[in-house]
Each structure stands twice: as structure tokens, then as C-alpha cells.
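Scroll down for the structure; my scribbles are underneath it.
Chain identifiers are assigned alphabetically (A, B, ...) following the order of the sequence lines, protein sequences preceding nucleic acid strands; residue numbering begins at 1 within each chain.
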Number of protein chains: 2
Amino acid sequence: MEVLKEMFQHQIPSVSDTELSDFLSLWTIKRQLKRHEYLYGRGREQQHLYFIQKGAFKIFHETEDLKELIVGFGYKHTLLLDLPSFVTGLSSIYRIQALRQSTLIGIHQRDFYSFMEKCPPLATYWRQQIELALLSRLEREIDILIDSPQKRYERVLQRSPILFQEIPHKFIAAYLRMTPETLSRLKRF
Amino acid sequence: MEVLKEMFQHQIPSVSDTELSDFLSLWTIKRQLKRHEYLYGRGREQQHLYFIQKGAFKIFHETEDLKELIVGFGYKHTLLLDLPSFVTGLSSIYRIQALRQSTLIGIHQRDFYSFMEKCPPLATYWRQQIELALLSRLEREIDILIDSPQKRYERVLQRSPILFQEIPHKFIAAYLRMTPETLSRLKRF
DNA sequence: CATAAAACTTGATTCAAATCAAGAATTAGG
DNA sequence: CCTAATTCTTGATTTGAATCAAGTTTTATG
């Protein structure tokens with residue numbers, strides 16, 4: 001809770017102390033997930049926003065033939081949510097699975113949105129977050145369109161070195177649109 | 001101009017007639033582009049929002065080795081902009097090129113944003129457009145992560161059949177992360 | 001801390017899509 | 001409407017990453 005408070009203090013400096021306390025009091029959902037556990041069932045809507053206190057997650061789309069297309073990860077001390085489901089309220093196209101034992105605290109979308117209405121700094125913050133998410137997705141589109149596995153690897157390694165410390169490389173390989181064998185060979189140089 | 005007016009009347013029904021007229025009067029930029037012409041120079045910031053009255057465009061990222069990674073298209077009677085540059089004000093990571101003779105009308109970002117401040121329905125509309133752009137990019141991410149060229153083709157054909165009528169297939173092939181030869185062979189079935 | 005499970009590495013082989021090539025069809029524009 | 005330029009198709013060949021396989025290292029957890 002303390003870390004979450006610091007994060008918001010840092011990212012939304014214009015929010016007052018009392019507002020922040022009120023806001024944090026809405027983060028009532030506590031969850032503990034074991035390795036391999038899913039954050040929610042297949043195809044359910046997922047209208048929670050979580051903060052990862054401990055652990056790591058993979059976010060992926062499951063194709064009809066049960067292949068996993070990994071679209072992102074969640075690490076310690078960052079927010080975790082099913083963005084399309086959170087925004088639209090529709091059932092999710094993603095699954096989110098714990099990569100190791102993890103603890104989360106969360107807030108429901110309706111509580112978040114209703115607090116946003118009476119707290120303009122939070123509204124501004126959230127609008128910026130959506131814009132940033134869009135921009136980062138445009139960068140990622142370039143990442144995965146590049147032909148050469150070598151270049152894809154270099155680009156992401158440069159931008160997100162943390163990834164390679166936090167996440168098993170076989171998942172990073174899928175994220176980079178290659179096999180673990182290919183990634184392993186690239187790392188040699 | 002008439003078509004643009006109808007589009008906004010349809011998409012922002014809550015906006016008043018006088019407001020709409022005021023807004024449209026800010027669309028003062030007129031441009032004519034010949035085939036192969038660029039909307040703006042390499043790496044320039046691009047803070048205009050355009051409406052395509054006639055023509056078609058490709059939006060692509062140019063890699064260091066001058067390969068073109070196509071990230072989207074613009075068609076008749078839709079909006080055209082360099083989204084990351086428009087939102088951040090930074091210089092663009094994309095180039096936009098006319099695929100045939102085209103005419104555009106445009107508005108500068110500062111005029112658009114300042115009108116948004118005094119027109120809440122436009123602000124709401126724009127926020128929704130950003131969210132929609134994000135959601136469509138998440139769908140696209142899945143599109144291009146899929147291994148099989150066949151499946152990538154089917155998915156996009158199903159969702160955007162118009163594409164295949166408006167745009168030369170060699171560009172669609174690049175958009176789908178395959179060669180024109182591969183796309184041609186897929187179309188046989 | 002022991003041991004079972006998971007992840008990673010490395011080499012050999014396969015295979016699907018890229019490349020190369022050339023002719024046919026379509027489109028642009030004077 | 002004609003001609004040149006561009007795009008599309010189809011076949012032959014090449015190639016680079018996937019797959020297969022097996023051994024090694026690392027990590028999880030009772």
C-alpha cells in the first residue's frame with residue numbers, strides 16, 4: 001500500500017493528501033496467486049485495476065488452436081489490467097497468468113471511474129496513461145513488424161532491459177515472435 | 001466540406017449547429033497531393049489533422065536500411081493524421097505518402113485542441129477516438145503476431161474487406177507482414 | 001538442502017515463405 | 001484511347017528460422 005501511495009504521489013503530484021487517502025481506501029481487493037494461476041477465467045470481462053506488490057505476470061491472447069500470443073508482461077510495483085476489457089466493459093480477448101507467486105491489490109473500474117469524476121488530476125493522469133499506452137503499442141507494432149529476429153531482439157533489449165531480468169526467456173521469445181532456440185542463439189553475441 | 005460536416009453531425013450528435021459551423025471554419029488548410037508525394041518531410045513533426053476528400057494514403061515506418069513497415073492506410077472520407085506526432089508534438093516516426101492523386105482539408109492541432117476546451121462534446125469524442133485507436137492497435141497486434149500467413153490474411157480480410165478494394169495488394173502484403181507473391185498465392189483460395 | 005521440474009543451450013534436420021525470374025494483366029496519365 | 005509504367009501472377013530455387021532431439025543448467029518447493 002505504501003509503495004502504491006508513493007507511486008501516485010510521484011505520478012500525480014497535484015493530488016492532495018486527503019484525496020489520495022480517499023482514493024487509496026478504494027483499493028480494497030486483495031489477491032494472492034500461485035504460479036500458473038489465472039487472474040480471471042477465460043473470456044470473462046475483467047474490470048479491475050491491480051497493483052502488483054510482488055510477482056510477475058504474462059498477458060497473452062489464446063488463439064483457436066490454443067497457441068499463446070504474448071502481448072505483454074506485468075512486473076513488481078506496476079499496474080496490471082486487462083486494458084480492452086477495462087475500457088470497454090466487454091469480455092476479454094486476453095488471459096493473464098501468474099509466472100510466480102504474486103500478491104496484488106485492486107480497485108474496481110466503477111470505483112476508479114467515479115473517483116475520477118470528482119478528482120480532475122486523476123482524470124488527467126488517466127487520459128495521459130491511455131495516450132502513453134497507445135504510443136507504446138505503436139512502438140511495439142514496429143518491433144514486431146521488423147523481419148530480422150536479431151533486430152527485433154536488439155530493439156526490445158535496448159528499450160526494456162529489465163524484461164530480460166524479470167521474465168523467463170522462453171516467454172520473451174514468444175513476445176518477440178521467435179522460438180526460445182532462436183533467442184538463445186541470438187544471446188550468444 | 002459537406003461530407004466532413006455530415007461525418008461530425010453523425011459522430012458527435014450532441015454538438016450544436018453553430019458550434020459545428022465554428023469548428024468547420026477552422027479547417028482552413030487545403031492540400032492537393034500527386035501520387036507518390038509525401039504529406040510532410042522525413043522526421044518532421046506533423047501537427048495537422050486531415051480529412052481525405054479524395055484519394056488514398058499509406059502510413060509507414062522507414063527503418064534504417066530503408067525498408068518500409070506499413071502500419072496503416074488512409075481512405076476517402078476518413079481522418080488522416082500522424083497520431084504519435086499529433087499527440088506528443090514530437091517529430092514523427094512515420095511517413096505518409098499518397099497512393100494516388102488526393103485532396104485533403106486540414107486543421108492545426110492547436111486550433112483543434114483549443115476548440116476542444118470550449119466544446120465538451122468534441123472533447124468526449126476525441127477521448128473516445130484515442131481509446132478506439134488503442135483498441136484497434138491491440139487487435140492489430142494480434143493480427144501480426146499470428147504465425148500463419150493464411151490466418152493473418154483471413155483475419156484482416158474479414159475485418160476490413162474495403163482495404164482490398166482500395167489499396168494495391170503489394171502494400172497490403174507488407175501490412176500483413178508477407179511478400180506480394182505470398183499474398184497472391186493465398187488469394188487463389 | 002535435496003530432488004524434481006522447468007528452462008536454457010546446442011546441434012542436426014526440415015520446411016515454409018522469401019527471393020529470383022519472367023510473363024500477363026491492369027492502371028495511370030499524356 | 002494509346003502506350004508506358006506498375007502491379008499481379010505463377011513457377012523454380014534458396015534460405016533462415018522452426019522443429020526435433022538430447023544434454024546441461026537453473027529454479028521451485030516439499
inquiry  = Can you work out whether Leu99(B) or Met178(B) has the more 5'-proximal nearest nucleotide on DNA chain C?
reply    = Met178(B)

task = Please state how far atom NZ in Lys58(B) lies from atom C1' in dT6(D), giving the value in whole angstrom units.
result = 13 Å

query = Tell me: CZ of Arg35(A) to C1' of dT26(D), nearest whole Å?
reply = 12 Å

ask   = At what distance, to the nearest 0.5 angstrom, does CZ of Phe51(A) lie from CE of Met7(A)?
value = 5.5 Å

key: Nearest-nucleotide 5' precedence on DNA chain D, Ile167(B) against Asp147(A)   = Ile167(B)

request  = Could you check whether Thr182(B) gets within reach of a base, just the sugar-phosphate, or nothing at all, counting any heavy atom under 4.0 Å?
outcome  = sugar-phosphate

ask   = Pairs in or reaching into residues 133-158 of chain A: which pass ring-ring contact (aromatic ring centres under 6.0 Å, His included), with residues at least two apart or in two chains?
value = Tyr153(A)-Phe164(A)

query = With a 4.0 Å cut-off on heavy atoms, is Gln101(B) in touch with a base, just the backbone sugar-phosphate, or nothing at all?
reply = nothing

remark   = Contacted region of DNA chain C by chain B, from 5' end to 3' end of the hits, cut-off under 4.0 Å to heavy atoms, spans dA17(C) to dG29(C)

inquiry  = Over 60° means perpendicular and under 30° means parallel, so tell me whether Tyr38(A) and Phe60(A) are parallel, tilted or perpendicular.
reply    = tilted

task = May I have the distance from Arg100(B) (atom CZ) to dT6(D) (atom C1'), rounded to whole angstrom?
result = 14 Å

query = Touch check for Arg185(A), heavy atoms < 4.0 angstrom, all strands: base, sugar-phosphate only, or nothing?
reply = base

request  = Consider only side-chain N and O atoms of Gln158(B) and Glu154(B), and report whether a donor and an acceptor are under 3.5 Å apart.
outcome  = no

inquiry  = Output the rounded distance in Å from NZ (Lys34(A)) to P (dT29(D)).
reply    = 10 Å

request  = Identify which nucleotide among dT9(D), dA17(D), dA21(D) has an atom closest to any side-chain atom of Pro149(A), counting heavy atoms from C-beta outward.
outcome  = dA17(D)

message = Using five pairs at each end of the helix from dC1(C)-dG30(D) to dG30(C)-dC1(D) to define an axis, what is the angle between those two axes, to 10°?
response = 70°

remark   = From CG of Leu183(A) across to C1' of dT19(D) the rounded distance in Å is 16 Å

task = Over 60° means perpendicular and under 30° means parallel, so classify the ring planes of Phe23(B) and Trp27(B), tilted if in between.
result = perpendicular

